[in-house]
Protein chains: 2
Amino acid sequence: MAVKNDYMIRDLREEELLELADLFKMFADSTRIKILYDLFDGEKNVTEICEDIEMNQSAVSHQLKALKTAKLIKSRREGKSIKYSLDDDHVKTIIAMGKEHIEE
Amino acid sequence: MAVKNDYMIRDLREEELLELADLFKMFADSTRIKILYDLFDGEKNVTEICEDIEMNQSAVSHQLKALKTAKLIKSRREGKSIKYSLDDDHVKTIIAMGKEHIEE
DNA sequence: CTTTCATATGAATATATTATCATATGTTCA
DNA sequence: TGAACATATGATAATATATTCATATGAAAG
């Protein structure tokens with residue numbers, strides 16, 4: 001059994017800390033927050049999201065990809081369009097906590 | 001009573017969305033996460049934090065300032081040193097939610 | 001009152017991130 | 001099969017961010 005030599009704070013390894021930071025980066029951009037928050041309503045396709053948040057299709061697609069890579073949203077094809085929806089229960093909680101903080 | 005014309009998703013105004021994103025930016029950097037997580041233990045001065053997270057004093061001070069501006073930490077002077085501590089109950093919850101997500 | 005220890009800060013550089021533009025891919029339907 | 005529609009993607013340029021270095025501020029102790 002190898003000894004862990006990585007840098008560590010309490011029970012959090014360097015590697016996990018970087019992952020955590022990367023996760024929170026997903027919430028750290030207003031376009032992405034808008035998308036996530038928009039999906040609180042349920043499944044939507046790209047065009048709908050673009051209209052809701054008033055951003056162009058390319059920017060939205062790029063951010064959807066980032067959110068999907070982070071496993072915060074999932075997608076499925078339906079005919080010509082792709083439907084996106086939240087893929088993690090923590091998303092709502094995290095955003096709710098954030099809201100509570102700024103509302104104080 | 002003026003009509004609100006700002007961009008809005010459900011009950012979240014553009015302004016609040018930007019604030020939310022700014023808040024999450026604080027968690028979106030590994031140095032800042034390390035500092036916050038380090039402060040889970042309680043009050044610490046700058047030198048202690050630097051040692052714990054293995055970062056130089058200047059970088060830590062810059063980030064402490066950002067965290068303080070975001071009202072996530074507070075400080076008080078004690079003799080020559082300045083003691084920092086968490087200033088928001090949501091910090092632990094937000095980080096905990098993040099941890100749960102990445103551990104899945 | 002000047003030296004030492006602790007922290008903060010400004011400027012500069014290096015790096016990361018985002019939106020935009022142009023274009024590619026993939027689906028449906030005539 | 002080729003328009004028309006929906007989405008994705010690569011490259012680029014603009015902007016934001018973090019770290020470092022040098023130095024400033026501020027407290028305490030001799």
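Within every chain, numbering begins at 1; the chains are lettered A, B, ... in the order of the sequence lines, protein sequences first and strands thereafter.
- One interatomic measurement links the two molecules: CG of N56(A) to P of dT7(D), which rounds to 13 Å at whole-angstrom precision.
- One atom, CG of L67(B), and another, C1' of dT17(D), lie 14 Å apart when rounded to the nearest Å.
- As a whole-Å value, the separation of K83(B) NZ from dA27(D) P is 17 Å.
- dG30(D) atom P lies 9 Å from atom NZ of K80(B), rounded to whole Å.
- Between atom CD of residue E43(A) and atom OG of residue S75(A) there is a gap of 9.5 Å, rounded to the nearest 0.5 Å.
- For dC21(D), the OP1/OP2 oxygens have no side-chain nitrogen or oxygen of Q57(B) closer than 4.0 Å.
- Between T47(B) and dT7(C), a side-chain N or O to OP1/OP2 separation shorter than 4.0 Å is present.
- When rounded to the nearest whole Å, the span between CE of M55(A) and C1' of dC21(C) equals 14 Å.
- Between L64(B) and E78(A), it is L64(B) whose nearest contact on DNA chain C lies nearer the 5' terminus.
- The shortest distance between the side-chain N/O atoms of K25(A) and the OP1/OP2 oxygens of dT17(C) is below 4.0 Å.
- Residue I82(B) contributes atom CD1, which lies 11 Å from atom P of dG26(D) at whole-angstrom precision.
- Residue R32(B) places at least one side-chain N or O under 4.0 Å from the OP1 or OP2 atom of dA18(D).
- At least one side-chain nitrogen or oxygen of S61(A) sits closer than 4.0 Å to the OP1 or OP2 atom of dA8(D).
- Between the side chain of R76(B) and the backbone N or O of K83(B) there is no donor-acceptor pair closer than 3.5 Å.
- Ion pairing between K99(A) and E16(B) fails under the 4.0 Å rule for side-chain N and carboxylate O.
- Here H62(A) does not lie in a stacked arrangement on the base of dT18(C), lacking the combination of planes under 30° and ring centres under 5.5 Å apart.
- Between the CG atom of N45(B) and the CD atom of E51(B) there is a distance of 8.0 Å, given to the nearest 0.5 Å.
- If you check dT9(D), dT20(D), dA19(C) against the side chain of S58(A), the one that comes closest is dT9(D).
- Atom CD of Q63(B) is separated from atom C1' of dT20(D) by 13 Å (rounded to the nearest Å).
- The phosphate of dA6(C) has neither OP1 nor OP2 within less than 4.0 Å of any side-chain N or O from Y84(B).
- Comparing dT9(C), dT27(C), dA19(C) by their nearest atom to the side chain of R77(A) picks out dT27(C).
- The interatomic distance linking K44(A) (NZ) with dA6(D) (C1') rounds to 17 Å, in whole Å.
- Both D29(A) and G79(A) sit near DNA chain C, but only D29(A) has its closest nucleotide nearer the 5' end.
- Screening D87(B), D88(B), D89(B) for a side-chain contact (heavy atoms from CB on, under 4.5 Å) involving V91(B) leaves a single residue, D88(B).
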